[in-house]
Number of protein chains: 2
Amino acid sequence: MEHYIDKLKHSGLKLTPRRQAIIALFIERKSHLTPEKVWEYLKKKFSRCGLPGVYRNLESLVECGILTRIQQFDSKKHYSLCSIGYGHDHHHFICRKCNKVEEVDFCNFKVISRFIEDNLHAKVEAHQFQIQGLCSKCK
Amino acid sequence: MEHYIDKLKHSGLKLTPRRQAIIALFIERKSHLTPEKVWEYLKKKFSRCGLPGVYRNLESLVECGILTRIQQFDSKKHYSLCSIGYGHDHHHFICRKCNKVEEVDFCNFKVISRFIEDNLHAKVEAHQFQIQGLCSKCK
DNA sequence: TACTAAATAGAAAATATTTCTATTTAAGAG
DNA sequence: CTCTTAAATAGAAATATTTTCTATTTAGTA
Ligand SMILES: [Mn+2]
Ligand SMILES: [Mn+2]
Ligand SMILES: [Zn+2]
Ligand SMILES: [Zn+2]
């Protein structure tokens with residue numbers, strides 16, 4: 001948790017009770033969550049709590065590298081904790097059964113990047129990679 | 001175009017004027033499009049044309065491998081033409097300036113897959129990979 | 001040409017996200 | 001600790017997106 005609080009402060013964002021609760025929720029769940037799911041949880045902890053604030057906070061936490069967006073083609077936004085952060089190139093493995101998100105501290109992007117620059121004559125700037133399967137417990 | 005029509009028929013889907021127009025639109029634009037954008041175009045060609053039908057058709061075309069979903073974290077669905085198709089593992093390069101989508105007929109997934117199975121003891125089943133940058137014209 | 005399953009429109013409902021404004025609060029200065 | 005201020009907040013409302021439903025039409029086939 002300390003690690004995330006440092007990230008928050010380092011980005012000039014305030015450490016509010018909502019943000020602490022959101023981070024704690026992601027730490028506890030170990031899975032990807034939609035704004036709606038986060039709101040369901042926050043409503044229990046805070047008597048007054050608006051959904052727009054949840055959307056704003058999730059995006060702020062992405063900005064400062066605490067959360068990452070997860071792609072699930074269901075027309076909802078999904079977020080997950082990212083302890084490694086933007087700086088270090090890595091990816092996320094998602095269990096299709098329990099939705100657990102694990103960080104994969106590995107990236108062999110250079111090979112495909114080289115292929116694209118050679119074959120398409122394009123300039124590669126960014127990439128997203130996401131892997132699904134079954135985690136060690138669910139398989 | 002023939003190639004796509006074959007795919008449609010092969011999947012037991014009917015070749016309707018809407019579907020032909022949608023495929024033609026993607027061929028012409030060479031970019032990723034949202035249901036809304038596709039609808040804007042279809043409304044010009046067909047006096048009566050509903051948005052629900054556009055959603056249904058886009059999903060049908062994904063099912064049969066003519067389109068692929070593109071990830072753009074803007075809470076809209078994005079689709080793009082896929083001439084290579086599911087069977088052959090490949091990826092998509094998207095120009096951030098002109099939105100052109102190019103197919104990358106290359107995938108070195110095995111290396112990272114092996115890493116994940118060894119390190120997370122997980123079973124890898126699927127992956128999505130997407131690359132952004134500038135195409136040869138835009139760079 | 002006639003038949004049938006699939007595709008369609010359009011209305012409506014459901015869902016998801018953003019915008020706006022007044023109020024509250026965290027964090028730093030004194 | 002108290003004051004100040006910019007940032008965060010709720011809540012209402014607007015907007016945007018997606019899905020569901022039903023009656024009608026149509027593509028493909030015989
Ligand atoms: Mn991460
Ligand atoms: Mn493709
Ligand atoms: Zn699992
Ligand atoms: Zn381009």
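Within every chain, numbering begins at 1; the chains are lettered A, B, ... in the order of the sequence lines, protein sequences first and strands thereafter. If you're wondering where the values come from, they're calculated on a predicted model, not measured in any experiment. Reckoned from all heavy atoms, side chains included, excluding hydrogens, waters and symmetry mates.
- Counting to the nearest Å, the P atom of dA16(C) and the NZ atom of Lys37(A) are 10 Å from each other.
- Taking the side-chain contact (heavy atoms from CB on, under 4.5 Å) definition, one finds that Lys110(B) meets it with nothing, sequence neighbours left out.
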Considering only distance and modelled atom types, tabulate donor-acceptor pairs under 3.5 Å from the side chains of residues 10-17 of chain A, sequence neighbours left out.
{"from": "Ser11(A)", "atom 1": "OG", "to": "Lys7(A)", "atom 2": "O", "distance (Å)": "3.0"}
{"from": "Thr16(A)", "atom 1": "OG1", "to": "Arg19(A)", "atom 2": "N", "distance (Å)": "3.2"}

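- The nearest whole Å value for the distance from the CG atom in Leu8(A) to the P atom in dA27(C) is 9 Å.
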Protein and nucleotides 27-30 of chain D: nitrogen or oxygen contacts under 3.5 angstrom:
{"from": "dA27(D)", "atom 1": "O3'", "to": "Leu15(B)", "atom 2": "O", "distance (Å)": "3.2"}
{"from": "dA27(D)", "atom 1": "N3", "to": "Lys14(B)", "atom 2": "NZ", "distance (Å)": "3.3"}
{"from": "dG28(D)", "atom 1": "OP1", "to": "Leu15(B)", "atom 2": "N", "distance (Å)": "2.8"}

Could you pull out every donor-acceptor pair under 3.5 Å between side chains of residues 120-135 of chain B and any protein atom, sequence neighbours left out?
{"from": "Glu125(B)", "atom 1": "OE1", "to": "Arg96(A)", "atom 2": "NE", "distance (Å)": "2.5"}
{"from": "Glu125(B)", "atom 1": "OE2", "to": "Arg96(A)", "atom 2": "NE", "distance (Å)": "3.3"}
{"from": "Glu125(B)", "atom 1": "OE2", "to": "Arg96(A)", "atom 2": "NH2", "distance (Å)": "2.9"}
{"from": "His127(B)", "atom 1": "NE2", "to": "His91(B)", "atom 2": "NE2", "distance (Å)": "3.2"}
{"from": "Gln128(B)", "atom 1": "OE1", "to": "Gln132(A)", "atom 2": "NE2", "distance (Å)": "3.3"}
{"from": "Gln128(B)", "atom 1": "NE2", "to": "Gln132(A)", "atom 2": "OE1", "distance (Å)": "2.7"}
{"from": "Gln130(B)", "atom 1": "OE1", "to": "Gln71(B)", "atom 2": "N", "distance (Å)": "3.0"}
{"from": "Gln130(B)", "atom 1": "NE2", "to": "Gln71(B)", "atom 2": "O", "distance (Å)": "3.0"}
{"from": "Gln132(B)", "atom 1": "OE1", "to": "Gln128(A)", "atom 2": "NE2", "distance (Å)": "2.7"}
{"from": "Gln132(B)", "atom 1": "NE2", "to": "Gln128(A)", "atom 2": "OE1", "distance (Å)": "3.3"}

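- Pairs engaging residues 41-75 of chain A under the ring pair (Phe, Tyr, Trp, His ring centres under 6.0 Å) rule: none recorded [sequence neighbours left out].
- Between the CD atom of Glu36(A) and the P atom of dT18(C) there is a distance of 14 Å, given to the nearest Å.
- In terms of the salt bridge (Lys or Arg N to Asp or Glu O under 4.0 Å) criterion, Glu36(A) has no residue partners (sequence neighbours excluded).
- Between the P atom of dA16(C) and the CD atom of Glu40(A) lies a distance of 10 Å, rounded to the nearest Å.
- A search for salt bridge (Lys or Arg N to Asp or Glu O under 4.0 Å) contacts involving Asp74(B) returns nothing, not counting sequence neighbours.
- For Tyr79(B), the side-chain hydrogen bond (donor to acceptor under 3.5 Å, both in side chains) partners at least two apart in sequence or on another chain are Glu59(B).
- Contacts of residues 69-78 of chain B with DNA chain C (heavy atom under 4.0 Å): Ser75(B).
- Contacts between residues 42-65 of chain A and DNA chain D, counted as heavy-atom distances below 4.0 Å, involve Arg48(A), Cys49(A), Gly50(A), Pro52(A), Arg56(A), Asn57(A).
- A search for salt bridge (Lys or Arg N to Asp or Glu O under 4.0 Å) contacts involving Arg56(A) returns nothing, not counting sequence neighbours.
- Checked against salt bridge (Lys or Arg N to Asp or Glu O under 4.0 Å), Glu117(B) has no partners two or more places apart in sequence or in another chain.
- Judged purely by distance below 3.5 Å, without hydrogens or angles, the side chains of Glu103(A) and His90(A) pair a donor atom with an acceptor atom.
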